[in-house]
Amino acid sequence: MYAQMIKSEATQDDPEKLAAFQARIDAGEKIEPKDWMPEGYRKTLIRQIGQHAHSEIVGQLPEGNWITRAPTLERKAILLAKVQDEAGHGLYLYCAAETLGVSRDEITEMLLDGRMKYSSIFNYPTLNWADIGAVGWLVDGAAIMNQVPLQRTSFGPYSRAMIRICKEESFHQRQGYDAIRKMAEGTPEQKKMAQDALNRLWYPSLMMFGPSDKDSVHSAQSMKWKIKMNTNDELRQKFVDQTVPQAEYLGLTVPDENLKWNEERGHYDYTDPDWSEFFDVIQGNGPCNVDRLADRNKAWDDGAWVRDGLLAHAKKKAARQHAAE
Ligand code: 3HC
């Protein structure tokens with residue numbers, strides 16, 4: 001039922017309150033959890049922050065898969081730290097969502113039974129070590145492009161969580177670029193692996209920014225409320241402009257025959273991803289959707305005894321305190 005609620009941005013709030021709220025947003029004020037807010041604003045935030053939190057947690061799976069197979073001790077320590085950071089990001093974001101009146105358990109259950117989404121990118125596999133470099137470079141690179149502006153988002157707890165997350169994401173992007181550079185400058189076989197990783201992950205990375213603006217359902221309202229600071233296409237273009245010279249520096253070729261610097265626009269022209277593939281993936285039909293959800297469900301079920309134990313301890317402590325009063 002909650003999933004239905006958070007899909008709807010229709011709001012029947014008092015027009016005067018709505019106008020005063022919009023004036024606060026327009027003036028650049030932060031909205032805090034106890035402030036009055038339109039239902040649509042609250043629901044949109046729960047949907048976006050929840051989806052973001054789930055992405056951080058599910059995003060640990062494709063990379064965690066390579067911790068035991070990292071090529072050196074140093075790469076292993078870096079990857080381990082990165083995957084742990086992603087868990088931390090998930091926690092900050094679940095906490096931010098909780099300030100809006102939804103518990104972490106509630107939104108986790110919505111992820112586990114498929115009512116809530118997570119980023120499309122994590123439904124693609126990481127087939128070899130070059131993919132781990134490419135994920136850091138491209139996926140974390142796309143994530144930062146989206147998340148740096150979110151540090152200025154209107155909801156206080158979300159904006160503060162993003163400040164911490166962005167600091168760590170920039171290290172993630174750099175370590176990825178360093179790992180793929182090592183491959184690109186390595187043996188011909190290693191360079192080929194780096195190129196192959198770029199070929200497979202380029203378009204899924206472009207999809208991370210969401211559908212094109214004409215198909216984005218939420219952008220207009222979310223930007224009015226400063227829940228989003230840019231449109232999907234604006235950020236995608238910024239990502240292309242930033243990443244193409246990085247690929248050139250590596251001696252790798254972006255898999256897009258139409259990619260061309262457009263002097264007049266001051267941007268690269270590029271080919272959009274295959275949007276039918278994107279919608280297919282977010283509807284649950286990507287290469288790894290079934291596995292990812294099965295892994296998360298298993299982790300949730302396997303952790304039940306920990307949650308039960310912690311709750312039993314908390315209940316016992318509360319009962320003892322109650323008896324002592
Ligand atoms: N993957 C999955 N679903 C997506 C998506 C994507 N890449 N892009 C859009 N969608 C979904 C939307 O959730 C929406 O579906 P819904 O109505 O059922 O919720 C639908 O497609 C229409 O898209 P809109 O453009 O209207 O949706 P939004 O306004 O929410 O914009 C967004 C999408 C740009 C992803 C926005 O939600 C956003 O900025 N979110 C915060 C950032 C985030 O979630 N990042 C996850 C990236 S991964 C990550 O951070 C992990 C790191 O370790 C790499």
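Values below: all heavy atoms of this structure, side chains included; hydrogens, waters and symmetry mates excluded. Start at 1 and go down the list; that is how both ligands and their atoms are numbered.
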- Task: Could you pull out, from Lys117, Met208, His54, Gln221, the option with a heavy atom nearest to atom 35 (C) of ligand 1?
- Result: Met208

- Message: Please work out, at 4.0 Å between heavy atoms, whether the side chain, the backbone, both, or neither of Asp215 comes within that distance of ligand 1.
- Response: neither

- Atoms in ligand 1 with a heavy atom of Tyr118 nearer than 4.0 Å: 1 (N), 2 (C)

- Query: Relative to ligand 1, is Phe279 under 4.0 angstrom through side chain, backbone, both or neither, heavy atoms considered?
  - Reply: neither

- Message: Quick test of your reading of the model: are Lys30 and Asp35 salt-bridged, counting only N-O distances below 4.0 Å?
- Response: no

- Item | Nearest neighbour of atom 41 (C) of ligand 1 from the list Phe278, Phe209, Tyr158, on a heavy-atom basis | Tyr158

- Query: Does the ring-ring contact (aromatic ring centres under 6.0 Å, His included) test come out yes or no for His52 and Tyr94, once each step is laid out?
  - Reply: CA-CA 9 Å; His52 191 167; Tyr94 284 127; over 10 Å; no

- Task: Classify the ring geometry between Trp275 and Phe279 as parallel (under 30°), tilted (30 to 60°) or perpendicular (over 60°).
- Result: tilted

- Message: Please determine whether a side-chain nitrogen of the Lys or Arg among Glu185 and Arg181 lies less than 4.0 Å from a carboxylate oxygen of the Asp or Glu.
- Response: yes

- Message: Quick test of your reading of the structure: of Ser120, Pro211, Gly136, whose heavy atom lies closest to atom 1 (N) of ligand 1?
- Response: Ser120

- Query: Who gets closest to atom 49 (C) of ligand 1 by heavy atom: His89, Gln147, Met162?
  - Reply: Gln147

- Query: Would you call Glu39 and Arg42 a salt bridge, using N to O less than 4.0 angstrom?
  - Reply: yes

- Going by heavy-atom distance to atom 31 (O) of ligand 1, choose the closest among Lys228, Gln283, Arg115. Lys228

- Of all the heavy atoms in Glu169, does at least one lie under 4.0 Å from an atom in ligand 1? yes

